[in-house]
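To keep things clear, I will list the structure first and then write my remarks on it.
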Amino acid sequence: MVDKEMIQEKIGEAMGLERAAQKAVQTLDSRGLLKPEHTTKLSKMKEEAGKQEEEMESIVQDLTNTDGFDSSTIEEKATETAEKASQIMQTYLGENPDTQEALEFLCLAEGGEVTHYEVLSSVAKQVKNRKFGTTVRSILKEEKRHLDLCTKLAKRNASSE
Ligand SMILES: [Fe+2]
């Protein structure tokens, strides 16, 4: 049986995390927590996250027609998740965050994205529209690269300090 409610929720969460990750890069940068060698790579990552968000929005539009999904339910979940993720960032960074903590938070965010797209790819078979699975799998590949990039930056920064 297709668990539409659950899939909608997971799509909303993935979209919310996508937004939060973009906002996180921006916030960490404007707080001066990223070094010049980080900002080039991370702004490219942010750009890709923006594209992923657009791809997800467009597939959600398709799914309202092909699978009877409700885009406003998904959007609500996305907004809620983005807000929660911002709160988690504030809690994680605390009063006096440094570059290392900022990079490690990005690892946490990207790790969350990887997990959500893994879950979405595992339920993609339940969705009639085949484009959904293709989109999710291609984003998942990129998210793994994002996590890898953030992990490398965190490791490099820790060993250079
Ligand atoms: Fe990402």
Side-chain angles (χ1 to χ4, degrees), residues 6-63 69 71 73-94 97-124 127 129 131-158:
M6 182 273 288
I7 299 175
Q8 291 189 144
E9 198 175 301
K10 297 298 136 194
I11 295 175
E13 285 170 2
M15 286 169 69
L17 289 175
E18 208 75 83
R19 283 178 205 167
Q22 294 170 68
K23 207 178 140 208
V25 173
Q26 205 178 318
T27 309
L28 297 173
D29 193 25
S30 64
R31 285 181 71 177
L33 291 168
L34 301 176
K35 295 176 182 169
E37 68 254 41
H38 303 141
T39 40
T40 337
K41 288 188 175 112
L42 292 176
S43 61
K44 191 171 167 258
M45 184 180 90
K46 181 171 162 266
E47 224 172 85
E48 286 172 356
K51 281 195 201 117
Q52 291 166 348
E53 192 191 334
E54 280 169 27
E55 276 177 58
M56 287 302 283
E57 271 164 13
S58 124
I59 193 76
V60 164
Q61 265 343 97
D62 292 352
L63 291 176
F69 278 37
S71 58
T73 305
I74 296 174
E75 182 51 42
E76 243 170 65
K77 196 73 203 173
T79 310
E80 185 195 315
T81 304
E83 275 164 18
K84 274 191 199 161
S86 292
Q87 285 168 13
I88 293 172
M89 180 168 90
Q90 281 170 21
T91 308
Y92 187 91
L93 293 177
D98 59 17
T99 301
Q100 188 61 25
E101 281 163 332
L103 294 171
E104 284 163 3
F105 175 76
L106 290 177
C107 292
L108 197 107
E110 294 301 328
E113 289 184 275
V114 168
T115 309
H116 275 76
Y117 284 105
E118 287 279 14
V119 170
L120 284 179
S121 105
S122 78
V123 296
V127 176
N129 192 329
K131 204 180 141 201
F132 178 69
T134 323
T135 307
V136 163
R137 280 189 297 274
S138 92
I139 296 181
L140 173 60
K141 226 190 252 172
E142 264 187 4
E143 291 303 355
K144 285 182 177 167
R145 270 203 297 109
H146 287 176
L147 176 60
D148 196 44
L149 167 70
C150 294
T151 307
K152 274 192 189 122
L153 295 181
K155 282 166 78 177
R156 207 177 297 156
N157 188 67

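Since the model is a prediction, treat every value here as computed from it, not as a measurement. Both ligands and their constituent atoms are indexed starting at 1 by order of listing. When reading the values below, keep in mind they use all heavy atoms of this one structure, side chains included, and skip hydrogens, waters and symmetry mates.
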Under the side-chain hydrogen bond (donor to acceptor under 3.5 Å, both in side chains) test against Asn157, which residue among Glu37, Glu104, Lys35 passes?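 Only match with Asn157 under side-chain hydrogen bond (donor to acceptor under 3.5 Å, both in side chains): Lys35.
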Quick one: the OE1 of Glu113, the Fe ion (ligand 1), ND1 of His146 angle, rounded to 10°, please.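 It is 160°, given to the nearest 10°.
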Which is the closest N/O/S atom of Glu143 when seen from the Fe ion (ligand 1)?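 The closest N, O or S atom of Glu143 to the Fe ion (ligand 1) is OE1.
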Looking at Glu110, pick out the N, O or S atom nearest to the Fe ion (ligand 1) and give its name.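 Relative to the Fe ion (ligand 1), the closest nitrogen, oxygen or sulfur of Glu110 carries the name OE1.
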Donor-acceptor pair, [X] side chain versus [Y] backbone, under 3.5 Å?
X	Y	result
Glu113	Glu143	no
His38	Leu34	no
Glu110	Cys150	no

Examine Glu48 and say whether one of its N/O/S atoms is closer to the Fe ion (ligand 1) than 2.8 Å.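 No N, O or S atom of Glu48 is closer than 2.8 Å to the Fe ion (ligand 1), so no.
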May I ask you to check whether Glu18 brings an N, O or S atom to under 2.8 Å from the Fe ion (ligand 1)?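 Here the distance criterion (N, O or S atom, under 2.8 Å) is not met by Glu18, so no.
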Looking only at side chains, do Glu18 and Tyr117 share a donor and an acceptor under 3.5 Å apart?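 Per modelled atom types, Glu18 and Tyr117 side chains form a pair under 3.5 Å.
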